[in-house]
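Data block below; observations after.
In what follows, residues are counted from 1 in the order of the sequence shown. Everything quoted here is computed from the prediction, not taken from an experiment.
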Amino acid sequence: MSEDPGTTRMPAPAVPDANETAPVAEPKPEAQADSPGSAMLVVNRGPRAGQQIHLNRSHLKLGRSATCDIVLDDATVSRQHAEINRESGQYVVTDAGSLNGTYVNRSLVDRSAVLNDGDELRIGIFRLIFRA
């Protein structure tokens, strides 16, 4: 399997600590193609705590696959897990039919949910805080 050279993939820890998350791959360079936005996801806990992922495109795919804009490398994450879209100045997360679901503030996202500043986005073992 050939990976996109613009993708950085970091392996998940063998046995994640209950208070940690697996590393998050940096967004692909093309994921920052649109005009810069002020919104970002911040890794809440774990070895990459504080890492900022800027949401600089109107459409971003999140998942385990190397084809995603933001790669979340862990078996608890579906290959194509979720999408974040910028719509009329708001950021909306949509589950892409993932096996383990996508959660905002511990509530399962049925179809989609608007992200507000401070919301916790949970995808598999990852806990990401949305900052507007």
Side-chain angles (χ1 to χ4, degrees):
M1 177 169 103
S2 172
E3 288 192 19
D4 181 339
T7 300
T8 303
R9 183 168 268 232
M10 295 181 233
V15 179
D17 184 292
N19 294 324
E20 293 186 353
T21 59
V24 178
E26 291 291 331
K28 295 179 183 181
E30 60 269 19
Q32 298 183 13
D34 288 356
S35 61
S38 60
M40 68 178 77
L41 296 174
V42 180
V43 179
N44 192 28
R45 293 182 303 243
R48 305 286 292 195
Q51 178 183 1
Q52 299 176 354
I53 304 166
H54 294 275
L55 305 178
N56 292 334
R57 289 184 64 195
S58 57
H59 178 78
L60 292 164
K61 292 181 182 180
L62 295 85
R64 195 176 72 233
S65 172
T67 63
C68 290
D69 300 303
I70 299 172
V71 178
L72 304 172
D73 193 15
D74 187 78
T76 61
V77 178
S78 295
R79 287 184 192 111
Q80 305 288 326
H81 198 102
E83 298 176 356
I84 296 178
N85 294 295
R86 186 172 53 214
E87 301 172 2
S88 303
Q90 293 184 314
Y91 288 83
V92 178
V93 63
T94 304
D95 185 80
S98 67
L99 182 61
N100 291 327
T102 300
Y103 295 81
V104 174
N105 299 327
R106 298 185 181 181
S107 295
L108 181 64
V109 174
D110 182 35
R111 293 201 170 140
S112 63
V114 174
L115 293 172
N116 296 300
D117 189 53
D119 282 350
E120 181 186 65
L121 177 62
R122 185 175 69 161
I123 296 178
I125 64 168
F126 295 92
R127 304 297 185 276
L128 308 164
I129 303 299
F130 176 76
R131 294 291 177 206

Side chain to side chain, L41 and L62, heavy atoms closer than 4.5 Å: yes
Any side-chain heavy-atom pair of I70 and I84 under 4.5 Å: no
As an exercise, state the distance from [atom1] of [X] to [atom2] of [Y], rounded to the nearest 0.5 Å.
X    : Y    : atom1 : atom2 : result
N100 : D74  : CG    : CG    : 9.5 Å
F126 : L121 : CZ    : CG    : 11.5 Å
N56  : I53  : CG    : CD1   : 11.5 Å

Least distance between heavy atoms, G101 atom then D95 atom: C-OD1, 3.7 Å
Distance-minimising heavy-atom pair for R131 and V42: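 Heavy-atom minimum between the residues: CG-CG2, 4.0 Å.
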Partners meeting side-chain hydrogen bond (donor to acceptor under 3.5 Å, both in side chains) with Q80 (sequence neighbours left out): T67
Any residue meeting side-chain hydrogen bond (donor to acceptor under 3.5 Å, both in side chains) with N85, in chain and number order, not counting sequence neighbours: H59
Qualifying residues under side chain to side chain contact (heavy atoms under 4.5 Å, CB included), relative to R79, sequence neighbours excluded: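 Once residues adjacent in sequence are excluded, the partners of R79 under the side chain to side chain contact (heavy atoms under 4.5 Å, CB included) criterion are R64, S65.
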Qualifying residues under side chain to side chain contact (heavy atoms under 4.5 Å, CB included), relative to A132, sequence neighbours excluded: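 Checked A132 against side chain to side chain contact (heavy atoms under 4.5 Å, CB included); matches are D117, F130.
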R127 (side chain) donor-acceptor with I125 (main chain) under 3.5 angstrom: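 Yes; judged by distance alone, with no hydrogens or angles, the pair exists.
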In one Ile/Leu/Val/Met/Phe/Trp/Tyr side-chain cluster, 4.5 Å: L128, V104: yes
Set of ring-ring contact (aromatic ring centres under 6.0 Å, His included) partners for Y103, sequence neighbours left out: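 Y103 satisfies ring-ring contact (aromatic ring centres under 6.0 Å, His included) with no residue once adjacent residues are dropped.
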Please table the atom pairs, donor to acceptor, closer than 3.5 Å between any side-chain atom in residues 105-116 and protein atoms at least two apart or in another chain.
{"residue": "N105", "atom": "OD1", "partner": "E120", "partner atom": "N", "Å": "2.9"}
{"residue": "N105", "atom": "ND2", "partner": "D119", "partner atom": "OD1", "Å": "2.8"}

Side chain to side chain contact (heavy atoms under 4.5 Å, CB included) partner of T102, chosen from E83, R122, H81: H81
side-chain contact (heavy atoms from CB on, under 4.5 Å) assessment of D69 paired with R57: CA-CA 10 Å; D69 300 303; R57 289 184 64 195; 3.1 Å; yes
